Amino acid sequence: MKVIVVKDQAAGGVEGYKVFKNALDNGAKVFGLATGSTPVTTYQEIVKSDLDFSNCTSVNLDEYVGIAPDNEQSYKYFMQSHLFDQKPFKQSFLPNGLAANPAEEVKRYDKVIDEHPIDLQILGIGRNGHIGFNEPGTSRDVTTHVVDLTESTIEANARFFESENDVPKQAFSMGLASIMKSKHLILEAFGENKADAVKGMIEGPDTVDCPASILQNHPDVTVIIDEAAASKLSKKY
Ligand SMILES: N[C@@H]1[C@@H](O)[C@H](O)[C@@H](COP(=O)(O)O)O[C@@H]1O
């Protein structure tokens, strides 16, 4: 893993942007995208730039079950407002939170990923080490699946909703096996409340208890973290 430690999230956004630019310059056509507060500064840098994604495809990591795409809490809405409205892609894929048949939706999304192999995937990390919505204990063989969100994730994501009760209890998520197929990965983490997860991912045992530790087995991962998220690492990076 290449680990870049920056002062704060704003600086992390610039580093993340550079990785996107480099990938585009080198012919990347399919970008795996993430939501949450973490990638926001990277998207802001992209929006300010002259990078052009109009010939590119995006494939998002996850979406809540039961939430309409035009609902402000949906990941689709997040992507529109933070990136796609300003930087349109040729085509953008997200799981459909309102799919009538979740089993069919899972199959459809796996097909999307198979047909559009991801060149660069950006990831955040949950406080419990989840990536996408792959919670601790998730099998590493899974592709797209419906996840029962853990209490810790529901509590962490409640800040985006009016109350914890409004947080959906399930989500569609790209699986760990699909994430590992991306050619290059960036994982960003900012803030002290990510420090344990970051330590587990980089220095901890490679275990399903910390889903992000699977990235230790990927040949091309760039980790961009601020000093607070790096504060529990024993090695200097
Ligand atoms: N499914 C998302 C993840 O993709 C994200 O990385 C994580 C961290 O969120 P944040 O970046 O807001 O801390 O939480 C959510 O549950």
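Remember, it's 1-based here, ligands and their atoms both numbered in the order they're listed. Quantities reported herein were computed from a predicted structural model and do not represent experimental measurements.
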min-distance protein heavy atom vs atom 13 (O) of ligand 1 -> Lys194 NZ, 2.6 Å
All N/O donor-acceptor pairs, side-chain side in residues 121-129, below 3.5 Å, sequence neighbours left out:
residue : atom : partner : partner atom : Å
Gln121  : NE2  : Gly32   : O            : 3.4
Asn128  : OD1  : His130  : N            : 3.1
Asn128  : OD1  : His130  : ND1          : 3.0
Asn128  : ND2  : Glu135  : OE1          : 3.0

Notebook entry, point to check: Does Asp119 come within less than 4.0 Å of Lys29, counting only side-chain N to carboxylate O?
Noted result: no
Honestly, for Ala34 the part within reach of ligand 1 (heavy atoms, under 4.0 Å) is neither
So for atom NZ, which belongs to Lys87, do other residues, nucleotides or ligands contribute more than 12 heavy atoms lying within a distance under 6.0 Å? yes
### Task
Return the orientation label for the Tyr64 and Tyr75 ring planes: parallel under 30°, perpendicular over 60°, tilted otherwise.
tilted
Could you tell me whether Tyr109 and Phe172 have their ring centroids closer than 6.0 angstrom?
-> no
Looking at Thr38, Asp62, Val167, Thr35, the heavy atom closest to atom 5 (C) of ligand 1 belongs to Thr35
Near Phe133 (heavy-atom distance under 4.0 Å), the atoms of ligand 1 are 1 (N), 15 (C), 16 (O)
Ligand 1 to Gly36, heavy atom cutoff 4.0 Å, flagged ligand atoms 11 (O), 12 (O)
Filtering Arg159, His130, Glu188, Gln9 for the heavy atom nearest atom 9 (O) of ligand 1 leaves Arg159
For Tyr237, the side chain to side chain contact (heavy atoms under 4.5 Å, CB included) test, sequence neighbours excluded, returns Val3, Val5, Ile202, Glu203, Leu233, Lys235
The answer for which part of Ile125 has a heavy atom under 4.0 Å from ligand 1 is backbone
So the atoms of ligand 1 within less than 4.0 Å of a heavy atom of Tyr75 turn out to be 1 (N), 2 (C), 15 (C)
Under 4.0 Å from one or more heavy atoms of Gly132, ligand 1 contributes atoms 1 (N), 2 (C), 3 (C), 4 (O)
- His218 side chain to Ser182 main-chain N or O, any donor-acceptor pair under 3.5 Å? yes
Near Gly124 (heavy-atom distance under 4.0 Å), the atoms of ligand 1 are 6 (O)
